[in-house]
Asks: 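Below you'll find the structure I mean.
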There are 2 protein chains.
Amino acid sequence: MAKRKSLMSDPCPVARSIDVVGDRWALLIIRDAFDGMRRFGEFQKSLGVAKNILSARLRDLVDAGILDVAPASDGSAYQEYILTAKGKELFTVVLGLRQWGEGHLFKKGESIAPMVDRDSGKPIPKITLHTCEGKLLKPENAFVKRKTRA
Amino acid sequence: MAKRKSLMSDPCPVARSIDVVGDRWALLIIRDAFDGMRRFGEFQKSLGVAKNILSARLRDLVDAGILDVAPASDGSAYQEYILTAKGKELFTVVLGLRQWGEGHLFKKGESIAPMVDRDSGKPIPKITLHTCEGKLLKPENAFVKRKTRA
DNA sequence: CAGTATCCCTCAAGATACTG
DNA sequence: CAGTATCTTGAGGGATACTG
């Protein structure tokens, strides 16, 4: 009875998102896809994950509408996996994780490959959050406004 | 032989972050902490997770420096779990997941409790990404600049 | 190269009982 | 109320062999 409970019917969007991309591999596959990877072998080599696992995860992501499959652009008979618009909107999440990791999970002196802007070549600055009036938003000043009940 | 491999020595910060908060419960506990929850029972009730699991996850988060334990503010003999500065910096990630879920994982007509600014009461707008020159950043225009090798 | 098919193991997660 | 201790189950993950 240790059936893992689905969070997809949870009222909280964070929970639902985690249900879809909250496992060990999904966001790493997506990261690689942002990096330009499209082929099974590329993902496999990058992630070092077992092929059966990768196969299953790719299928899940396609089912979730995050990746699309397309025939390979070279002549080969295989597939390519491309981010959909829905998938691309996860960029914020991946970048957020990247920046948090950069800030807190590296020792002094460890080198980190920076994410840069293609045009200027300069590093992407840290994400900043704003209110709709344009003021800087601190976590303490945001809250989820739940439905008032009768 | 099916030992789960640690990502903490991975050169990619995204991978390291996922190693720390990339499981089913961590970010949901953190979400609740942002929501003001501090007590074991609050988390347990909110998440509906087994107590032993919650206990283990809380300990992991404390070990990771994301939560601090403090004596309860009421007289009781128990603990409170509070976000550290490091933990608070995950707000971007949680908000990113929230917004992605809001945009893609709800059916038309399903109600979503909005996240609002405490001052104005208005919804928090979607996160926008910028280059260091202040231009809007699209995923296609960002890439990880890996070390050039000799 | 791109997967699928097996086999096996570990651990996350659930249920529940117990302690201070 | 706040946990710890046990037990059980099954999904996730690893290795490898196999197929087109």
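Note: hydrogens, waters and symmetry copies are ignored here, and every other heavy atom, side chains too, is used. Here is how names work: the chains are called A, B, and so on, in the same order as the sequence lines, proteins then strands, and each is numbered from 1.
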Asks: Partner of C:dA5 by Watson-Crick or G-U wobble geometry, both contacts under 3.5 Å, or none?
Replies: D:dT16
Asks: Nearest whole Å is fine: how far is D:dG14 C1' from A:R24 CZ?
Replies: 12 Å
Asks: Take atom CG of A:D19 and atom C1' of C:dA13, then tell me their distance rounded to the nearest Å.
Replies: 14 Å
Asks: Whole-Å distance between D:dG13 C1' and B:D23 CG?
Replies: 15 Å
Asks: Looking at every heavy atom in both B:L97 and A:S17, which two are closest together, and how far apart are they?
Replies: O-OG, 2.8 Å
Asks: Tell me the interatomic distance from B:W25, atom CH2, to C:dA13, atom C1', rounded to whole angstroms.
Replies: 8 Å
Asks: Using every non-hydrogen atom in the two residues, find where B:R39 and B:Y78 come nearest and quote the distance to one decimal.
Replies: NH2-CD1, 4.0 Å
Asks: Could you list, one pair per line, each protein nitrogen or oxygen that sits under 3.5 Å from a nitrogen or oxygen of nucleotides 1-4 of chain D, together with the distance?
Replies:
unit_1	atom_1	unit_2	atom_2	d
D:dC1	O2	B:Y78	OH	2.9
D:dA2	OP1	B:R39	NE	2.4
D:dA2	OP1	B:R39	NH2	2.6
D:dA2	OP2	B:G41	N	3.1
D:dG3	OP2	B:Y81	OH	3.3
D:dG3	N7	B:K51	NZ	2.8
D:dG3	O6	B:K51	NZ	2.7
D:dT4	OP2	B:S55	OG	2.2

Asks: Please determine if B:R16 forms a cation-pi arrangement with A:F106, meaning its NZ or CZ atom is less than 6.0 Å from the six-membered ring centre and no more than 45° off the ring axis.
Replies: yes
Asks: Quick one: B:L61 CG to C:dA12 P, roughly how many Å, whole number?
Replies: 13 Å
Asks: Taking atom C1' of C:dA15 as reference, at what distance in whole Å does atom CD of B:Q44 sit?
Replies: 12 Å
Asks: Would you give the length of the straight line joining atom OG1 of B:T128 to atom CD1 of A:I127, rounded to the nearest 0.5 angstrom?
Replies: 9.5 Å
Asks: Closest approach of B:D19 and B:S6, non-hydrogen atoms and distance?
Replies: OD2-OG, 3.8 Å
Asks: Expressed as a whole number of angstroms, how long is the span from B:I53:CD1 to D:dA5:C1'?
Replies: 13 Å
Asks: Run B:D23 and B:R57 through salt bridge (Lys or Arg N to Asp or Glu O under 4.0 Å) and show every step you take.
Replies: CA-CA 10 Å; B:D23 73 287; B:R57 288 290 149 271; 3.3 Å; yes
Asks: Using atom NZ of A:K5 as one end and atom C1' of C:dA12 as the other, report the distance to the nearest whole Å.
Replies: 13 Å
Asks: Please determine whether a side-chain nitrogen or oxygen atom of B:R57 lies at a distance below 4.0 Å from atom OP1 or OP2 of C:dA13.
Replies: yes
